[in-house]
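In what follows, chains are A, B, ... by sequence order, proteins preceding strands, each numbered from 1. All values derive from a computational prediction rather than experimental measurement.
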Amino acid sequence: MDLNYSDEQLLLKESAERFLKERYDFERRGKIIASETGFDSGIWSDMADLGWLALPFAEENGGLGGGAVEISLIMEAVGRALMVEPYLTSVILAGGLVEKLGSEEQRVEILGGLIAGTSRPALAHAERQTGFDLGNIAATAIRSGEGYLISAEKPLVLGGQFADVFLVSARLDGAVKLFAVPADASGLTSTEVKLVDGSRASDLVLDNVRVAASALFGAGADTLAEIEAAHDRANAALASEAVGIMDALMDATVAYTKERVQFGKPLAAFQALQHRMGEMAVKCQEARGSALLATLSVDAPRSMRIRGVSGARAKIGKVSRSVAQEAIQLHGAMGFSEEMPVGAWFRRLYAMENTFGTTADHLKRYGEIIRDPAVLSGSLLREPV
Amino acid sequence: MDLLMTKDEVLFRDEVRAFLDAHLSEDLKRAERLNPSFLADPSVGLKWQAKLNDKGWVAPSWPKQYGGTGWTLAERYIFDQECEQAGEPHLRGASIKMIAPVIMRYGNDAQKGFYLPRILNGEDIWAQGYSEPGSGSDLASLKTRADLDGDHYIVNGSKIWSTLAHHATRMFALVRTADTGKKQEGITFILIDLKSPGVIIRPIRSICGTHEFNQVFFDDVKVPVSDRIGQEGEGWDIAKYLLEFERGGAFAGGVLRAMLTRIHRLASEPLPDGRKMIDDPLFMARFAEIATDVDANDMLELAAMSKVQAGGNPGAVPSSTMKIERSRIRQSIAELAASILGPDALRWEEHRPLHELPEESELNEERKVASAVYFNSRSQSIFGGSNEIQLEIIAKTLLR
Ligand SMILES: Cc1cc2nc3c(=O)[nH]c(=O)nc-3n(C[C@H](O)[C@H](O)[C@H](O)COP(=O)(O)OP(=O)(O)OC[C@H]3O[C@@H](n4cnc5c(N)ncnc54)[C@H](O)[C@@H]3O)c2cc1C
């Protein structure tokens with residue numbers, strides 16, 4: 001066991017924070033959100049140059065071989081900066097699936113483009129009825145000539161507005177499979193959706209979209225299990241993003257109450273408020289612990305992975321909501337206005353509570369898994385495999 | 001003690017219901033359903049106010065001599081519960097509930113005769129001008145100046161967070177007329193015509209995406225001395241009197257019960273995966289818990305108002321308790337409603353007002369507005385004296 005960041009990791013953390021602080025302040029973000037595309041291509045190519053887009057992938061795929069800890073550091077910085085570009089959805093979620101399931105050719109093409117900053121894949125999996133049951137998929141793929149015809153309705157595809165290729169799940173002979181579908185395929189319609197956190201998604205409809213045989217990912221693999229594992233990696237990343245936001249809310253609240261004077265004193269001089277901020281800090285610490293457990297559980301056996309990841313999403317959903325509400329309250333009317341980033345952090349945390357499973361969904365999933373006494377009683381330390 | 005309605009009160013309730021059935025149109029209900037804010041957009045509120053005015057029911061809490069209803073407490077409670085269940089637009093804000101009682105108590109006959117009828121018929125909409133950039137909870141530190149110049153005051157400074165000032169015709173404001181003595185003693189209460197030269201209104205958007213409050217700047221704005229309420233230096237006492245109305249002077253329980261009823265409808269509808277939230281024990285436990293809060297708050301309101309009716313004062317602790325509880329209940333209902341949206345919670349409709357968008361099913365519209373209602377609910381514990389300030393009042397009373 002070792003829970004200390006390495007020197008390289010500390011450097012990465014510092015450089016991620018510095019880069020986003022310089023390049024992605026609140027005002028700049030406001031301009032990106034209000035722009036036609038809602039996306040800053042300059043930032044994206046800078047991230048390619050910094051190696052962020054290559055970070056989680058194996059060296060043999062052109063990546064840097066970073067692990068979940070490195071990702072968590074980037075995500076904390078992403079959270080604080082409220083970045084709307086699809087790092088989580090294109091790199092971690094879709095990129096991760098391409099790496100796990102893609103053929104040599106697919107990896108070269110899609111991952112190569114992703115790492116270079118020229119391609120942004122997006123996963124189109126969940127459907128309206130899917131809820132938190134990732135296997136509840138109605139989309140169909142049928143063989144036709146040399147390839148497949150895919151029909152699907154995929155609402156709220158995150159990162160979809162910025163994607164050039166979709167990983168679309170559909171049932172082929174009853175089993176869920178993934179297919180690469182170019183964004184400009186004929187029969188595919190994409191409708192832009194504005195999201196509560198300022199980012200954008202797509203409602204996708206595929207009506208008999210024809211793809212080549214080579215579009216199929218992982219012919220022999222258990223695709224659904226890989227999709228679930230990819231969601232857990234994404235959920236661990238979300239947990240770290242939330243921690244980054246919570247720390248930012250904490251810092252902003254401390255700074256504001258030190259500056260704002262009422263009744264002849266800074267607000268921070270009132271003990272009632274000192275204790276409230278003390279409680280916020282307790283929650284930030286707890287969330288950090290949960291997020292770290294999630295981060296270090298993504299490669300664990302499934303039950304341990306769920307304990308770490310869904311436990312963190314459930315716990316962090318609750319404490320992050322409370323910290324955000326407190327931050328608004330302690331800012332008074334200023335926190336209720338759009339003049340400050342407090343409200344934007346609050347809204348991003350709210351979006352996260354409804355992304356890749358709600359807080360309640362994760363609590364239930366966690367509750368199910370700890371019914372197994374072996375999981376419940378097992379310490380956090382595991383035997384190496 | 002009992003909770004029984006008299007025969008007349010039953011008849012009254014039926015009369016209110018029949019009136020609401022006949023006059024509260026689907027359009028108005030829909031506009032209110034799609035309103036994330038505390039108060040209705042005046043374009044909506046005034047339409048409903050006109051219908052109430054024809055019936056003489058605009059101001060349930062005003063005495064009859066000023067054009068109010070003169071209703072008993074029980075009648076007002078019944079009216080509030082019925083209007084809220086029916087989904088009326090919330091039009092009773094700064095005009096009817098705040099400035100009117102002040103004018104009745106402190107205004108002279110000329111002021112009463114001029115301003116009160118204009119409130120009832122909707123000619124005037126009032127904004128509240130208390131807070132300033134440097135003065136929120138510590139209201140008495142306010143700096144906006146009013147300097148006497150013949151038969152006018154010359155006003156300079158700025159008010160902030162003025163709700164609906166961009167629709168208002170007038171603002172009642174606390175201004176500084178003296179810098180000597182205790183800071184409370186130099187405050188005066190004046191009425192400002194917002195069309196006066198030198199008034200500039202800057203919009204501020206809230207975290208729920210709506211433009212509902214503003215910053216208002218005054219640059220040498222002339223206000224006739226005849227638009228001062230009470231004496232110079234009496235502003236602080238008047239403000240305290242008014243705050244009683246803002247905090248506890250009217251029923252608020254009806255809206256909470258109506259909001260609960262709305263969530264219940266939403267939760268009874270099958271989700272896309274076939275489940276219903278009302279079958280979910282996690283949801284139901286929270287729902288039932290909040291419902292007990294609503295009942296308790298209703299009783300608190302009735303008890304406080306009974307005291308007032310018997311000529312007493314509800315007291316600081318119950319008043320502040322109600323302000324705190326109402327805000328918490330409203331926030332927890334809004335939070336619970338938003339928690340059952342699932343992934344659709346991500347969808348954000350920017351357009352305001354929402355009722356201008358094409359009509360959808362009632363439940364879809366409930367879903368569309370639920371996130372914004374939740375965001376908006378966070379203001380409940382901030383305005384009208386924050387919950388921390390209420391706790392200060394309670395603690396001071398206890399430890400006196
Ligand atoms: C939606 C909305 C509508 C509003 N409409 C109007 C309007 O129409 N007209 C108008 O005049 N004003 C309006 N206000 C302003 C409102 O009255 C103020 O927000 C309120 O008085 C608090 O002041 P503040 O926002 O400056 O917060 P601050 O006073 O700066 O307080 C910030 C935080 O510190 C806490 N705090 C302050 N002092 C203490 C203390 N001594 N001990 C412990 N905690 C303390 C507060 O409770 C709050 O949590 C509105 C506000 C909102 C949010």
Asker: Anything in residues 209-218 of chain B with a heavy-atom distance to chain A below 4.5 Å? Please list those residues in order.
Answerer: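 B:Gly209, B:Glu212, B:Phe213 fall under the 4.5 Å cut-off.
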Asker: Do B:Arg347 and A:Val196 make a side-chain contact, defined as non-hydrogen atoms from C-beta onward lying under 4.5 Å apart?
Answerer: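 Of all side-chain heavy-atom pairs linking A:Val196 with B:Arg347, none is under 4.5 Å.
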Asker: Does atom CD of A:Glu153 have more than 12 heavy-atom neighbours from other groups under 6.0 Å away?
Answerer: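 No.
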Asker: For chain B, find which of A:Val261, A:Asp203, A:Val342 contributes the most heavy-atom pairs closer than 4.5 angstrom.
Answerer: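 Most pairs with chain B among the choices: A:Asp203.
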Asker: Report the distance from atom CG of B:Leu341 to atom OG1 of A:Thr358, rounding to the nearest 0.5 Å.
Answerer: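 It comes to 10.5 Å.
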Asker: Measure the acute angle between the ring planes of A:Phe346 and B:Tyr374, then classify it against the limits of 30° and 60° as parallel, tilted or perpendicular.
Answerer: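 Tilted, since the angle between the ring planes falls between 30° and 60°.
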Asker: Within this structure, what is the SG-CZ distance for the pair B:Cys208 and A:Phe336, rounded to the nearest 0.5 Å?
Answerer: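 Separation between the atoms: 4.5 Å.
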Asker: Mind checking whether A:Glu127 and B:Asp273 have side chains closer than 4.5 Å, heavy atoms only?
Answerer: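 Result no, sub-4.5 Å side-chain heavy-atom pair not found.
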Asker: So which part of B:Ser131 gets closer than 4.5 Å to some heavy atom of chain A, the side chain, the backbone, both or neither?
Answerer: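 Neither part.
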Asker: Side-chain contact test, heavy atoms from C-beta onward, threshold under 4.5 Å: evaluate it for A:Ile328 versus B:Ile382 and give yes or no.
Answerer: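 When only atoms from C-beta onward are counted, B:Ile382 and A:Ile328 do touch, with a gap below 4.5 Å.
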Asker: If we ignore hydrogens and angles and just use 3.5 Å, is the side chain of A:Gln262 paired with the main-chain N or O of B:Gly134 as donor and acceptor?
Answerer: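 The answer is yes, because a donor-acceptor pair under 3.5 Å joins these two groups.
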Asker: Going by heavy atoms in the side chains, are A:Gln329 and B:Glu388 under 4.5 Å from each other?
Answerer: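 A:Gln329 vs B:Glu388: side chains touch.
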Asker: Ring centroids only, cut at 6.0 angstrom: are A:Tyr350 and B:Phe375 within range, meaning strictly under it?
Answerer: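 Under 6.0 Å, so yes.
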Asker: Select, from B:Pro272, B:Ala372, B:Ala338, the one with the greatest count of heavy-atom pairs under 4.5 Å involving chain A.
Answerer: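 With the most close heavy-atom pairs to chain A, the winner is B:Pro272.
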Asker: Quick check on the structure: residues of residues 266-274 of chain A within a heavy-atom distance below 4.5 Å of chain B, by number.
Answerer: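 So the qualifying residues are A:Leu273.
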Asker: For B:Leu282, is it the side chain, the backbone, both, or neither that has a heavy atom closer than 4.5 Å to a heavy atom of chain A?
Answerer: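 It is the side chain, since no backbone atom gets that close.
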Asker: Which bit of B:Glu392 comes within less than 4.5 Å of chain A, counting heavy atoms only: side chain, backbone, both or neither?
Answerer: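 For B:Glu392, neither part sits under 4.5 Å from chain A.
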Asker: With a 4.0 Å cut-off, would you call B:Glu335 and A:Arg321 a salt bridge?
Answerer: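 Salt bridge flag = yes for A:Arg321 with B:Glu335.
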Asker: Just checking, A:Arg200 and B:Trp348: is the charged tip under 6.0 Å from the six-membered ring centre and within 45° of the axis?
Answerer: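 Cation-pi check for A:Arg200 and B:Trp348: fails.
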Asker: Below 4.5 Å, heavy-atom pairs only: which of A:Gln129, A:Arg347, A:Arg128, A:Lys194 has the largest tally toward chain B?
Answerer: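 Winner by heavy-atom pair count: A:Arg347.
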Asker: Just wondering, do B:Ile207 and A:Met340 contact through their side chains at under 4.5 Å, heavy atoms?
Answerer: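 A:Met340 vs B:Ile207: side chains apart.
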Asker: B:Gln331 and A:Gln325: side-chain hydrogen bond (donor to acceptor under 3.5 Å, both in side chains), yes or no, with the steps?
Answerer: CA-CA 10 Å; B:Gln331 289 173 340; A:Gln325 292 173 350; over 6 Å; no
